[in-house]
Amino acid sequence: MGRLVVIEGLDGAGKRTLADALTGALNAAGASVASIAFPRYGESVHADLVKEALHRGHGDLIDSVYGMALLYALDRRGAAGEIRARLGDHDVVLLDRYVASNAAYGAARLHQGADGEFVRWLREQEIDRFGLPVPAAHLLLRVTADVAADRAQRRAASDADRARDSFETDDALQKRCSVVYDELAATGWLAPWHVLDGVAGVDTTALATSLLL
Ligand SMILES: Cc1cn([C@H]2C[C@H](O)[C@@H](COP(=O)(O)OP(=O)(O)O)O2)c(=O)[nH]c1=O
């Protein structure tokens, strides 16, 4: 049975780059790796509803924090079988965002903290009701909200398909989200958290070794 490892962080923190580098380091250490990125745009009707809402500005849907959170959660629920299957035939299943993204963004949007009602409710839905697998570890790729915004803006400028969505352009939301992520990490929410410095860079070889211990 493989280990379920989740990469979390702000938009523009560099999660995709870390996932690629970590996959290389894990492979070099002899471990097989499968990756899944959430939301699963183009693969799940729930994720596509999220994308439409965020990019076309469906205000009434976006404004419903609980409604949006359920769409993200249903996207993951649809992937639960695939996650379990990959855990069965890989050493590590690497997820780019998971339940904690919903906790961080939803709580931040509601101006709540990691100990608030929303995060409790979310865990009840995603873990207790939908039965999503609990991760072995979270990797929080930490950068300041300013660095994340700068990176997300550059990425959008160089990639026409990657227009910034309405969460990414909301600087105050990103800052609150960063605080909630720190709280989730400090309290070890759902699973142990490893906090990584996304500005200084990550030693992926050492990280791969510690994940395989
Ligand atoms: C997976 C997930 C993402 N989000 C938010 C974080 C992002 O701001 C936004 C889109 O996810 P993101 O990872 O930025 O997707 P992409 O890189 O393809 O645009 O959705 C949640 O609020 N809850 C979730 O469960």
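When a ligand or atom number is given, it counts from 1 through the structure's own listing order. Residue numbers start at 1 and run along the sequence shown.
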Output block, N or O contacts of ligand 1, threshold 3.5 Å exclusive:
| residue | atom | partner | partner atom | Å |
| --- | --- | --- | --- | --- |
| ligand 1 | 8 (O) | Asp11 | OD1 | 3.2 |
| ligand 1 | 8 (O) | Asp11 | OD2 | 3.0 |
| ligand 1 | 13 (O) | Arg97 | NE | 2.7 |
| ligand 1 | 14 (O) | Asp11 | OD1 | 2.8 |
| ligand 1 | 17 (O) | Arg162 | NH2 | 3.0 |
| ligand 1 | 19 (O) | Arg162 | NH2 | 3.2 |
| ligand 1 | 20 (O) | Tyr72 | OH | 2.6 |
| ligand 1 | 23 (N) | Asn102 | OD1 | 3.0 |
| ligand 1 | 25 (O) | Arg76 | NH1 | 2.9 |
| ligand 1 | 25 (O) | Arg76 | NH2 | 2.8 |
| ligand 1 | 25 (O) | Asn102 | OD1 | 3.4 |

> When you look at CZ of Arg16, are more than 12 heavy atoms from neighbouring residues, nucleotides or ligands closer to it than 6.0 Å?
Replying inline: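 Buried by this count: over 12 neighbours within 6.0 Å.
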
> Taking 4.0 angstrom as the limit, do Arg109 and Asp170 come out as a salt bridge?
Replying inline: no

>> Between Glu82 and Arg86, does any side-chain N to carboxylate O distance fall below 4.0 Å?
In response: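 Counted as a salt bridge, because a side-chain N and a carboxylate O are separated by less than 4.0 Å.
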
>> According to side-chain hydrogen bond (donor to acceptor under 3.5 Å, both in side chains), does anything in residues 189-213 pair up with another residue at least two apart or in another chain? List the pairs.
In response: His138-Trp193

> Taking only residues two or more places apart in sequence or in another chain, which ones pass side-chain hydrogen bond (donor to acceptor under 3.5 Å, both in side chains) with Ser44?
Replying inline: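 side-chain hydrogen bond (donor to acceptor under 3.5 Å, both in side chains) list for Ser44, sorted by chain: Asp75.
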
Enumerate, atom names and distances included, each donor-acceptor pair closer than 3.5 Å involving a side-chain atom of residues 171-179, sequence neighbours excluded.
| residue | atom | partner | partner atom | Å |
| --- | --- | --- | --- | --- |
| Gln174 | NE2 | Asp11 | OD2 | 2.9 |
| Gln174 | NE2 | Phe167 | O | 3.1 |
| Lys175 | NZ | Asp146 | OD1 | 3.4 |
| Arg176 | NE | Ala108 | O | 2.8 |
| Arg176 | NH2 | Ala108 | O | 3.1 |
| Arg176 | NH2 | His111 | NE2 | 3.4 |

